[in-house]
Number of protein chains: 2
Amino acid sequence: MYRIGEFSKICRVPVSALRYYSDLGLLPPESIDPESGYRYYSAGQLPRLNRILALKDLGLSLEEISAILDEDLPAGELRGMLRLKRAEIGQRVSEEQARLARVENRLRMIESEDRMPDQEIVLKELEDVPVVSIREVLSNPQDVGMLIADGYSALMPAGIMPIGACFSIYHDPEFDPTALDVEIAYPVAETVTDVPDTPGGRSFERRVVRGGRAAVTIHQGPYDMIDQVYTRIGKWISDHELQIAGEPQEAYLTAPDDPGGPVTEIRFPVA
Amino acid sequence: MYRIGEFSKICRVPVSALRYYSDLGLLPPESIDPESGYRYYSAGQLPRLNRILALKDLGLSLEEISAILDEDLPAGELRGMLRLKRAEIGQRVSEEQARLARVENRLRMIESEDRMPDQEIVLKELEDVPVVSIREVLSNPQDVGMLIADGYSALMPAGIMPIGACFSIYHDPEFDPTALDVEIAYPVAETVTDVPDTPGGRSFERRVVRGGRAAVTIHQGPYDMIDQVYTRIGKWISDHELQIAGEPQEAYLTAPDDPGGPVTEIRFPVA
DNA sequence: CTTGACTCTCAAGCTGCTGGAGACTGCATA
DNA sequence: TATGCAGTCTCCAGCAGCTTGAGAGTCAAG
């Protein structure tokens with residue numbers, strides 16, 4: 001019979017861990033002196049301990065290990081557990097590989113530019129958004145602002161309050177400033193159905209903008225620099241081995257008179 | 001100015017996380033109503049939040065991110081940090097890949113045998129062990145027990161108390177039962193220097209057995225089945241794409257009269 | 001009998017949140 | 001004006017697998 005310290009040396013498992021396993025009932029000592037409370041272990045417990053370590057190495061939790069060792073699980077259930085683990089670990093591997101790629105990317109950027117970028121691009125999961133929207137082909141990109149205002153001035157008097165920032169969707173595969181096919185979308189409650197026409201005579205469509213994975217970034221400042229953002233985001237997407245999977249959106253997050261200047265979120269659905 | 005819930009919707013970060021970042025000082029709200037305690041955020045804070053998310057995606061801790069964002073770290077230090085991260089993640093990737101391989105291995109084993117093995121083999125890190133040892137070529141493997149006893153009966157009267165279980169080292173590249181080159185090692189304190197000869201006239205050597213990574217397993221039961229353990233451990237090592245990197249050791253963990261029967265630990269240095 | 005190494009039992013800490021309890025606040029409706 | 005009710009606030013606990021530390025008791029040797 002060994003005291004916990006000697007046993008710890010033999011099995012090369014820290015004393016604190018042995019005590020923890022003992023508390024969990026995962027590896028109870030062979031005997032405990034009722035007077036001193038000293039734990040006594042025997043060499044015969046080493047196989048069990050090794051089984052614990054091996055299963056832990058497979059990524060199983062101590063609780064799962066407990067179940068396996070003490071409840072004498074049927075082989076089928078064990079197989080199921082391991083298959084689950086396999087999937088889980090496979091997932092983690094690819095996540096970590098992606099993370100590694102991101103870090104290396106960032107390192108290259110730092111080496112070449114000697115600093116971090118000002119705007120960051122991040123992957124986010126977008127939800128489906130019920131909206132009312134107007135779509136039009138504009139001959140002048142500057143008219144987008146007017147179109148937005150038009151929409152608001154039709155919705156407000158009709159008692160329809162957008163429940164989130166309005167955003168535009170650019171339907172052109174290529175950006176064409178002389179014929180800009182743009183849709184302005186106002187998020188609304190699902191209950192909204194009847195929508196008036198705009199003062200300009202345009203009619204709203206009621207639809208749901210589908211969500212999903214998107215590369216997202218924030219542009220802060222004057223609007224005319226925004227094409228640089230598109231360039232950067234395009235590069236980012238190809239760098240990360242993703243593909244554009246939908247039309248880009250721009251969400252206008254500030255009121256027109258915001259003292260901090262305009263803030264725009266650019267979203268690129270990807271897959 | 002947005003309340004926390006609206007801001008949370010915009011940036012798609014849970015309210016609880018925003019509150020946490022606020023408490024850490026990582027993303028303090030633009031203002032806090034002193035009466036109600038309500039946090040108010042502005043769209044201008046989104047770039048900072050995105051930076052936080054992007055850095056978190058690289059695997060940096062919130063504390064590190066804090067330092068990067070607020071202390072305006074020089075690019076050099078940043079590079080260092082990222083290189084460290086890269087190494088760390090690379091390590092994790094290969095660990096997880098190894099784990100995946102282990103799980104798949106185990107799954108194959110279960111499919112073919114329909115149960116878990118009785119003895120587990122685990123990788124452990126051995127420490128350097130100062131020992132006194134005797135080495136001899138035996139014509140009969142059975143004589144190992146005698147050799148061990150011989151050693152003890154020379155050490156004890158000399159006042160030298162081994163501080164751990166004695167173990168044997170098998171120096172044969174191939175197991176040859178008619179000429180077994182075996183060394184019996186008794187772990188001793190570093191202060192021990194002078195060692196007597198054995199009753200049989202053999203002389204001890206004072207040396208340090210080098211540690212390192214080893215595949216380790218426990219054999220419980222009669223000694224004559226031990227060759228199976230060697231077979232299994234050899235297969236395990238090649239299965240795990242490791243290589244034998246030293247002579248195998250056997251540690252005798254029970255006293256000869258232990259009621260639980262003998263327990264032996266078999267160790268194979270690997271790399 | 002003392003010393004020093006070991007052991008015991010609690011409790012807290014790590015990381016990045018999440019979830020819940022109990023109390024307020026703010027806006028909209030009856 | 002009262003009343004909801006959704007949103008917000010501040011704690012506090014929990015996760016997983018230990019590790020660390022405090023304060024107290026135990027064991028073997030000198």
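First the proteins, then the strands, lettered A, B, ... as listed; each starts at 1.
If you check the side chains of A:Glu64 and A:Ser61, you find a donor sitting under 3.5 Å from an acceptor.
At its two ends the helix from C:dC1-D:dG30 to C:dA30-D:dT1 runs along axes set 40° apart, each axis drawn from five pairs and the angle rounded to 10°.
The number of heavy-atom neighbours closer than 6.0 Å to CE of A:Met156, taken from other residues, nucleotides and ligands shown, is 12 or below.
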Report summary line: Nucleotide by nucleotide, nucleotides 18-30 of chain D touches protein heavy atoms under 4.0 Å in the pattern (B base, S sugar-phosphate only, - none) BBB----BBS---

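Judged by the 6.0 Å distance and 45° axis criteria, A:Arg267 is positioned over the aromatic ring of A:Phe167.
Going from atom OG1 of A:Thr264 over to atom CD of A:Gln220 covers 9.5 Å, rounded to the nearest 0.5 Å.
Positionally, the nearest nucleotide of DNA chain C for A:Gly5 lies more toward the 5' end than for the other of A:Gly5 and B:Ser61.
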Check: protein-nucleotides 10-12 of chain D nitrogen or oxygen pairs below 3.5 Å:
| from | atom 1 | to | atom 2 | distance (Å) |
| --- | --- | --- | --- | --- |
| D:dT10 | OP2 | B:Arg39 | NH1 | 3.2 |
| D:dT10 | OP2 | B:Arg39 | NH2 | 2.9 |

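The stretch residues 81-100 of chain A has no heavy atom under 4.0 Å from DNA chain D, so no residue of it qualifies as close.
At a threshold of 4.5 Å between non-hydrogen side-chain atoms, the residues A:Trp236 and A:His240 count as touching. Residues A:Thr217 and A:Val122 form no side-chain contact, since every pair of their non-hydrogen atoms from C-beta on lies 4.5 Å or further apart.
Considering only residues two or more places apart in sequence or on other chains, A:Tyr152 meets the ring-ring contact (aromatic ring centres under 6.0 Å, His included) condition with A:Tyr186. Listed by chain and number, the residues in a side-chain contact (heavy atoms from CB on, under 4.5 Å) with A:Arg213 are A:Leu123, A:Glu125, A:Val270 (sequence neighbours excluded). For A:Pro117, the side-chain contact (heavy atoms from CB on, under 4.5 Å) criterion is met by A:Arg106, A:Met109, A:Glu120, A:Arg232, not counting sequence neighbours. Residues satisfying the side-chain contact (heavy atoms from CB on, under 4.5 Å) test with B:Glu77, not counting sequence neighbours, are B:Leu73, B:Pro74. A:Arg210 is linked by a side-chain contact (heavy atoms from CB on, under 4.5 Å) to A:Asp128, A:Val208, counting only residues two or more places apart in sequence or in another chain.
Among the heavy atoms of the strands lying under 4.0 Å from A:Ile4 are primed sugar atoms or P, OP1, OP2 only; no base atom is included.
Evaluation of the ring-ring contact (aromatic ring centres under 6.0 Å, His included) test over residues 11-40 of chain B, restricted to residues two or more places apart or in two chains, returns none. The stretch residues 21-43 of chain A participates, sequence neighbours left out, in these salt bridge (charged side-chain N to carboxylate O under 4.0 Å, His left out) pairs: A:Asp23-A:Arg39.
Boundaries of the chain B contact region on DNA chain C are C:dG16 to C:dG26, first to last in 5' to 3' order (nucleotide atom under 4.0 Å from a heavy atom).
Distance alone, capped at 3.5 Å, is enough to place a donor-acceptor pair between the A:Gln45 side chain and the A:Ser42 backbone.
Between the CD atom of B:Glu6 and the C1' atom of D:dA6 there is a distance of 12 Å, given to the nearest Å. In this structure, A:Ile52 atom CD1 and D:dA16 atom P are separated by 17 Å, rounded to whole Å.
Contact detail for A:Ala165 and A:Leu253: the closest heavy-atom pair is CB-CD2, 3.8 Å.
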